[in-house]
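Excluded from the calculations below are hydrogen atoms, water molecules and symmetry mates; all remaining heavy atoms, backbone and side chain alike, are included.
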Amino acid sequence: MTLLAVSGLNKRFGGVVAARDVAFALQAGELLAIIGPNGAGKSTTFNMVGGQLRPDSGQVMLAGENVAGLAPRAIWRRGVGGTFQIAQTCVSMRVAENVQMALISWHGRIFSFRSRAETLYRPEALDLLDLVGMRGDADRPVRELAYGDVKRVELAVALASQPKLLLMDEPTAGMAPKERAQLMELTASIARERQIGVLFTEHDMDAVFAHADTILVLVRGEIIAAGKPDDVRANARVKQVYLGDMGVEAAMRARRGRA
């Protein structure tokens with residue numbers, strides 16, 4: 001089932017074209033990666049889908065509804081969750097409390113004074129933490145966690161709103177190679193089990209080529225390639241414009257050598 005269908009998406013900033021006629025589709029339960037060099041328009045496209053930017057023209061069809069131009073909260077309410085390049089958690093709170101606050105917000109209980117917040121939705125929070133492998137750390141302050149574990153908590157927070165679509169901005173940034181692989185494997189497993197579509201931007205080619213079902217390559221706001229990882233891997237223009245003479249495999253080996 002097509003969950004997200006983007007068509008004719010355009011955005012300019014003055015004389016700079018940040019996105020030109022961008023179009024793609026994402027199926028429920030699949031992962032789609034947007035890659036490209038700096039300034040390619042990845043963040044612009046990503047933010048138009050999430051509502052942080054209003055497109056000049058085009059459609060963002062989410063489960064059959066055009067959400068282009070809606071505010072981020074309105075899009076969130078329609079079933080879109082997200083994680084960020086720098087993990088967005090409250091480090092002064094305990095792990096379970098972070099997820100409970102997300103659940104409280106999702107259920108509209110922020111201004112409810114009938115119950116103490118610490119008692120609300122704790123079983124549901126523990127279930128989500130179990131899903132991401134963090135239940136045993138439920139009562140630890142987030143500030144005590146390794147960064148890879150913080151990213152797992154952030155994923156649990158994103159899942160609290162029962163998203164149909166998950167937007168992940170550089171999900172493996174700042175993580176060690178082993179942590180990157182584990183987080184992406186976990187995300188892919190959850191997405192397929194729960195039929196959540198995942199749209200992510202990423203610079204780590206290992207993560208992209210190992211886990212994306214579809215890859216979209218942008219350069220100067222335009223799509224130069226789109227398709228399955230093997231097709232993109234073999235695309236001569238992608239090698240020339242994005243990866244240079246090294247090619248995809250050599251670039252991946254180089255990244256591993258620097259890690």
Quiz item: Would you call V49 and L199 a side-chain contact if the rule is heavy atoms closer than 4.5 Å?
Solution: yes
Exercise. Answer yes or no: is there a donor N or O on one side and an acceptor on the other, between the side chain of N235 and the main chain of D231, under 3.5 Å?
Key: no
Practice problem: Just do the side chain to side chain donor-acceptor pair (under 3.5 Å) check on T2 and Q27 with the steps written out, would you? | Solution: CA-CA 4 Å; T2 300; Q27 309 303 313; 3.3 Å; yes
Quiz item: Does E185 use its side chain to pair, donor to acceptor, with the backbone of Q182 at less than 3.5 Å?
Solution: no
Self-check item: Shortest non-hydrogen contact between A212 and A33, atoms and distance
Solution: CB-CB, 3.9 Å
Self-check item: Side-chain (Q195) to main-chain (R192) donor-acceptor, under 3.5 angstrom
Solution: yes
Quiz item: Which value, rounded to the nearest 0.5 Å, describes the distance between R122 atom CZ and L103 atom CG?
Solution: 12.0 Å
Practice problem: Identify whether V241 and M205 are in the same connected component of the hydrophobic contact network (ILVMFWY, side-chain heavy atoms under 4.5 Å). | Solution: yes
Self-check item: Among Q85, E202, E179, side-chain hydrogen bond (donor to acceptor under 3.5 Å, both in side chains) partner for T172
Solution: E202
Quiz item: So, the side chain of Q59 versus the backbone of L9: is there a donor-acceptor pair under 3.5 Å, distance only?
Solution: no
Quiz item: Nearest 0.5 Å, what's the CG-CZ distance between L166 and F200?
Solution: 11.0 Å
Quiz item: Do V232 and F209 come within less than 4.5 Å of each other through their side chains, counting heavy atoms only?
Solution: yes
Quiz prompt | Distance-minimising heavy-atom pair for A138 and L129 | solution = CB-CD1, 3.9 Å
Quiz prompt | Hphob cluster co-occupancy, L131 + L165, side-chain heavy atoms under 4.5 angstrom | solution = no
Quiz prompt | Close side-chain approach of L4 and V60, heavy atoms under 4.5 Å | solution = yes
Quiz prompt | Heavy-atom side-chain contact between I35 and L218 under 4.5 Å | solution = no
Quiz item: Within the side chain of D56, is there an N or O that forms a donor-acceptor pair under 3.5 Å with the backbone of R12?
Solution: yes
Self-check item: Sub-4.5 Å side-chain heavy-atom contact between M168 and V198
Solution: yes
Self-check item: Closest non-hydrogen atom pair, M184 against A207
Solution: CG-CB, 4.0 Å
Self-check item: Pi-cation contact, F46 with K42 (under 6.0 Å, within 45°)
Solution: no
Quiz item: What's the spacing between N47 CG and L53 CG if we round to 0.5 Å?
Solution: 5.0 Å
Practice problem: Taking only Lys NZ, Arg NE, NH1 and NH2, and the carboxylate oxygens of Asp or Glu, determine whether R233 and D230 approach each other closer than 4.0 Å. | Solution: yes
Quiz item: Can you tell me how far the CG atom of L216 sits from the CG atom of L26, to the nearest 0.5 Å?
Solution: 11.0 Å
Quiz prompt | Pairs where residues 123-137 contributes a residue and the test side chain to side chain donor-acceptor pair (under 3.5 Å) is met, not counting sequence neighbours | solution = D137-R140
Quiz item: Hey, does the side chain of Q100 reach the backbone of Y121 with a donor-acceptor pair shorter than 3.5 angstrom?
Solution: no
Exercise. Output the rest of the hydrophobic cluster of W106: all Ile, Leu, Val, Met, Phe, Trp and Tyr residues reachable through side-chain heavy-atom contacts under 4.5 Å, sorted by chain and number.
Key: W76
Practice problem: Verify side-chain contact (heavy atoms from CB on, under 4.5 Å) between K164 and L3, making sure each step is shown before the conclusion. | Solution: CA-CA 8 Å; K164 296 177 290 198; L3 172 66; 3.9 Å; yes
Quiz item: When rounded to the nearest 0.5 angstrom, what distance separates OH in Y147 from CZ in R152?
Solution: 14.0 Å
Quiz prompt | Side-chain donor or acceptor of S105 paired with backbone N/O of M101 under 3.5 Å | solution = no
Quiz item: Salt-bridged, D204 to R180, with N to O below 4.0 Å?
Solution: yes
Self-check item: Side chains of N10 and R20 in contact at under 4.5 Å (non-hydrogen atoms)
Solution: yes
Self-check item: Exam field: side chain E30 to backbone T214, donor-acceptor pair closer than 3.5 Å
Solution: no
Practice problem: Report yes if the side chains of M48 and R54 come closer than 4.5 Å at any heavy-atom pair, otherwise no. | Solution: no
Exercise. Give a yes or no on whether L186 and M134 share a hydrophobic cluster (residues Ile, Leu, Val, Met, Phe, Trp, Tyr; joining criterion: side-chain heavy atoms under 4.5 Å apart).
Key: yes
Quiz item: Do N66 side-chain atoms and M61 backbone N/O form a donor-acceptor pair below 3.5 Å?
Solution: no
Exercise. Following the transitive rule for hydrophobic clusters with a side-chain heavy-atom cut-off under 4.5 Å over Ile, Leu, Val, Met, Phe, Trp and Tyr, establish whether V157 and I86 coincide in one cluster.
Key: no
Practice problem: State, to 0.1 Å, how close A96 and A125 come at their nearest heavy-atom pair, and which atoms those are. | Solution: O-CB, 4.0 Å
Self-check item: Option passing side chain to side chain contact (heavy atoms under 4.5 Å, CB included) with V208 (candidates I215, T201, I34, L31)
Solution: I215
Practice problem: Could you go through the side-chain contact (heavy atoms from CB on, under 4.5 Å) check for D213 and L32 one step at a time? | Solution: CA-CA 6 Å; D213 296 293; L32 189 154; over 6 Å; no
Practice problem: Check whether any side-chain heavy atom of L62 lies under 4.5 Å from a side-chain heavy atom of R78, and answer yes or no. | Solution: yes
Practice problem: Give, for atom CD of Q52 and atom CG of D169, the distance between the pair rounded to the nearest 0.5 Å. | Solution: 9.0 Å
Quiz item: Are V22 and T44 close enough, and set up right, to give a side-chain contact (heavy atoms from CB on, under 4.5 Å), and what steps lead you there?
Solution: CA-CA 11 Å; V22 173; T44 298; over 6 Å; no
